[in-house]
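Inspection log for the structure reproduced underneath, given as structure tokens.
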Protein chains: 2
Amino acid sequence: MAWALGESDKEHFAWLYREDIDVAKKLVNEAIAEKLYIGALVSSNTFCSADLGCSVGPNTFIAVENIIEAVKLKYQSQSPASKIPEFQVFFNDHTSNDFNFLFTSLPKDREYYAAGLPGSFHCRIFPEVSLHIVHASSSIHWLSRVPKEVMNKNSPAWNGGRIHYTNSGDEVIRAYKAQYDEDTDRFLQARAHEVVLGGLMLLIFSSIPKGTLHSQPLGNIFFNLLGSCLMDVAKKGIICEEKVDSFNIPYYVPTPEEFQAAVERNGCFSIERKENARGVFVSKNLPNAHIFASHLRAGMEGRLKQHFGGDITDELFNLYHKKVEEMVPFMLESGKRMDLFVVLKRKADISPLVP
Amino acid sequence: MAWALGESDKEHFAWLYREDIDVAKKLVNEAIAEKLYIGALVSSNTFCSADLGCSVGPNTFIAVENIIEAVKLKYQSQSPASKIPEFQVFFNDHTSNDFNFLFTSLPKDREYYAAGLPGSFHCRIFPEVSLHIVHASSSIHWLSRVPKEVMNKNSPAWNGGRIHYTNSGDEVIRAYKAQYDEDTDRFLQARAHEVVLGGLMLLIFSSIPKGTLHSQPLGNIFFNLLGSCLMDVAKKGIICEEKVDSFNIPYYVPTPEEFQAAVERNGCFSIERKENARGVFVSKNLPNAHIFASHLRAGMEGRLKQHFGGDITDELFNLYHKKVEEMVPFMLESGKRMDLFVVLKRKADISPLVP
């Protein structure tokens with residue numbers, strides 16, 4: 001089968017994204033209008049924003065332009081006498097991101113000074129007190145690494161025969177959760193240094209309501225299916241099972257309470273807003289299996305080729321496509337898709353404890 | 001012949017660069033020690049530098065580390081009670097630069113926050129009053145474009161049969177000079193907005209003493225030889241002469257006086273220092289023809305392939321290698337190589353006129 005998306009698939013896909021973007025836009029606009037206090041910021045000539053986990057566009061450009069428009073409106077309404085500042089935007093992603101492509105795609109008519117910033121957002125990547133708004137969409141549910149225990153055959157948290165915690169035992173889930181907590185603590189600690197007092201963080205990430213089974217979030221379902229396809233390929237002798245055992249996906253879907261607990265441990269940010277950016281999954285929004293498979297393939301192919309070699313991917317994704325089709329009734333009945341939108345404000349009177 | 005540099009060539013080449021780097025390092029250290037006034041800068045948490053025309057490293061990393069060391073020393077000596085600031089470094093080059101390679105090459109133990117900044121330094125690329133030190137080495141002698149007249153058959157400045165002004169008539173030289181003036185004015189105007197009051201620009205670029213023939217600077221000799229090789233290839237019928245006519249190299253070697261005149265026209269910078277970074281060329285430093293040819297090929301191959309197609313490059317550079325060998329006696333006798341090192345300081349009481 002052809003793996004490229006056809007025109008109707010693309011339209012469907014674009015429509016799904018469009019809806020996501022429109023919802024995010026509305027939430028970001030409201031957050032800036034209600035929660036950004038210009039008074040604390042007007043002393044600066046330059047308003048600095050960062051998009052963390054920006055990938056290569058165009059979504060990052062849409063998000064950034066929206067933020068700038070909302071900040072301009074806020075200046076005009078709250079401080080009409082003050083000069084609108086200049087805008088500088090930092091596009092951040094891992095060093096392996098294709099920044100060359102990102103840079104050639106930058107909108108020609110942009111109203112900001114653009115810079116690329118390579119490096120993990122789990123570390124300090126900006127100078128102290130230098131960012132007014134931090135935006136991160138669909139990025140902070142990715143972990144900095146796979147928890148070591150799940151790939152250790154001698155650990156009770158060994159995740160043999162699986163590539164994700166979706167259907168795993170408690171020990172595996174605890175290992176993923178511990179890594180999530182560690183990473184989120186590091187993320188918040190780094191940003192506590194970098195965000196100006198009164199500055200905002202606008203975060204959109206996958207989440208599940210407390211009490212939801214880990215086998216229900218759509219992302220988890222997809223990773224679990226991919227794992228079972230890899231095991232099928234292994235059983236045919238095309239790859240060895242140990243290769244599957246040593247491949248895990250560093251992705252954790254927290255509950256709102258788990259994220260909130262991290263913010264409270266950190267202590268430098270107040271939670272100004274926390275709500276669903278997208279409700280429980282509804283059937284009208286369920287794309288067809290081909291779109292799901294193509295989407296996952298686009299996102300995972302590089303990683304899979306690196307680990308397993310390039311020969312298995314066609315066979316793997318044909319299998320995957322079939323399994324997704326079989327799962328559609330379950331997804332319609334039990335699958336959950338929730339993105340949490342959280343607005344954090346850097347508190348004025350708290351210093352981060354750790355440098 | 002093989003175009004890769006052999007080990008002894010590489011050593012010779014590295015030695016030449018080493019010497020350039022050591023000279024530049026000494027000049028930059030002196031300039032920062034003598035001309036940077038920390039008092040005006042300590043209010044900022046972050047010390048921001050930019051390397052304009054950084055290419056892909058490693059020279060840019062060496063230059064940047066040297067600047068940071070010198071600034072730290074200056075803080076310690078001039079303002080021992082003040083906290084050493086954090087450093088942020090912007091690596092700038094054209095959007096077509098390989099930033100992916102640059103980012104993966106960033107020193108792991110760097111003491112600064114790194115960002116890549118794509119775009120022409122002839123335009124505004126940074127926010128107002130945001131840079132403390134600007135460094136540009138071997139970049140500002142490149143023009144933003146080839147002057148249009150030299151490729152217009154109906155213009156008196158038409159440069160038919162040549163790819164550079166080295167041996168051209170006065171009209172061609174005037175067209176190049178006009179483009180240089182326009183570009184340097186735009187460069188200084190943009191930086192006048194971006195550099196903080198009291199901030200420094202450390203510029204190293206090719207220059208010729210007033211009264212030197214345009215056929216004497218080594219860079220010009222090389223471009224002229226390359227042009228004559230292209231005409232030889234055209235005369236063999238492998239490419240057409242019109243292709244050569246429409247290929248010109250946007251590179252201008254100014255006199256110190258020409259650069260100084262641009263600084264005076266601009267009015268926002270004082271010239272704190274202006275001296276040869278490298279004296280008139282001496283025989284001990286003349287690499288062999290193979291190194292010259294390989295160096296030029298490395299720098300020009302992409303541009304040549306894009307304009308002429310890929311088939312001619314081996315033949316072209318074999319010819320070029322022979323011609324360089326023939327020219328060695330002339331180069332030893334008359335060739336000039338001078339790099340000018342200029343330190344500019346942003347004056348405190350002048351606003352740029354143009355936005």
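Chain A is the first sequence line, chain B the second, and so forth, proteins listed ahead of strands; every chain is numbered from 1.
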Exercise for the section: State which residue, out of A/Glu86, A/Glu111, A/Glu65, fulfils the salt bridge (Lys or Arg N to Asp or Glu O under 4.0 Å) condition with A/Lys72. Expected result: A/Glu111
Handout entry: A/Thr104 versus chain B, the contacting section by heavy-atom distance below 4.5 Å
Key = both
Problem - Closest-packed option against chain B by number of heavy-atom pairs under 4.5 Å, given A/Ser96, A/Ala115, A/Ala114, A/Gly116 - result: A/Gly116
Problem - Interface moiety of A/Leu106 toward chain B, non-hydrogen atoms closer than 4.5 Å - result: side chain
Exercise for the section: Verify, without hydrogens or angle tests, whether B/His132 (side chain) and B/Cys48 (backbone) share a donor-acceptor contact under 3.5 angstrom. Expected result: yes
Practice task
Below 4.5 Å from any heavy atom of chain B, which atoms of A/Asp98 appear? Answer side chain, backbone, both or neither.
Solution key: both
Practice task
With A/Phe91 as reference, evaluate A/Phe103, A/Phe121, A/Phe101, A/Phe61 under the ring pair (Phe, Tyr, Trp, His ring centres under 6.0 Å) test and give the passing residue.
Solution key: A/Phe61
Practice task
Just give me the residue among A/Thr46, A/Val129, A/Leu102 that pairs up with chain B most often, heavy atom to heavy atom, under 4.5 Å.
Solution key: A/Thr46
Handout entry: Ring centre gap for B/Phe205 and B/His141 strictly below 6.0 Å
Key = no
Handout entry: From B/Phe47, B/Tyr75, B/Tyr113, residue fulfilling ring pair (Phe, Tyr, Trp, His ring centres under 6.0 Å) relative to B/Phe87
Key = B/Phe47
Handout entry: B/Phe99 versus chain A, the contacting section by heavy-atom distance below 4.5 Å
Key = both
Problem - Residue among A/Asn100, A/Leu117, A/Ile125 with most heavy-atom pairs under 4.5 Å to chain B - result: A/Asn100
Handout entry: Proximity breakdown for A/Tyr112 and chain B, heavy-atom pairs closer than 4.5 Å
Key = neither
Exercise for the section: State whether the side chain of B/Asp93 and the backbone N or O of B/Ser55 hold a donor-acceptor pair below 3.5 Å, judged by distance alone. Expected result: yes
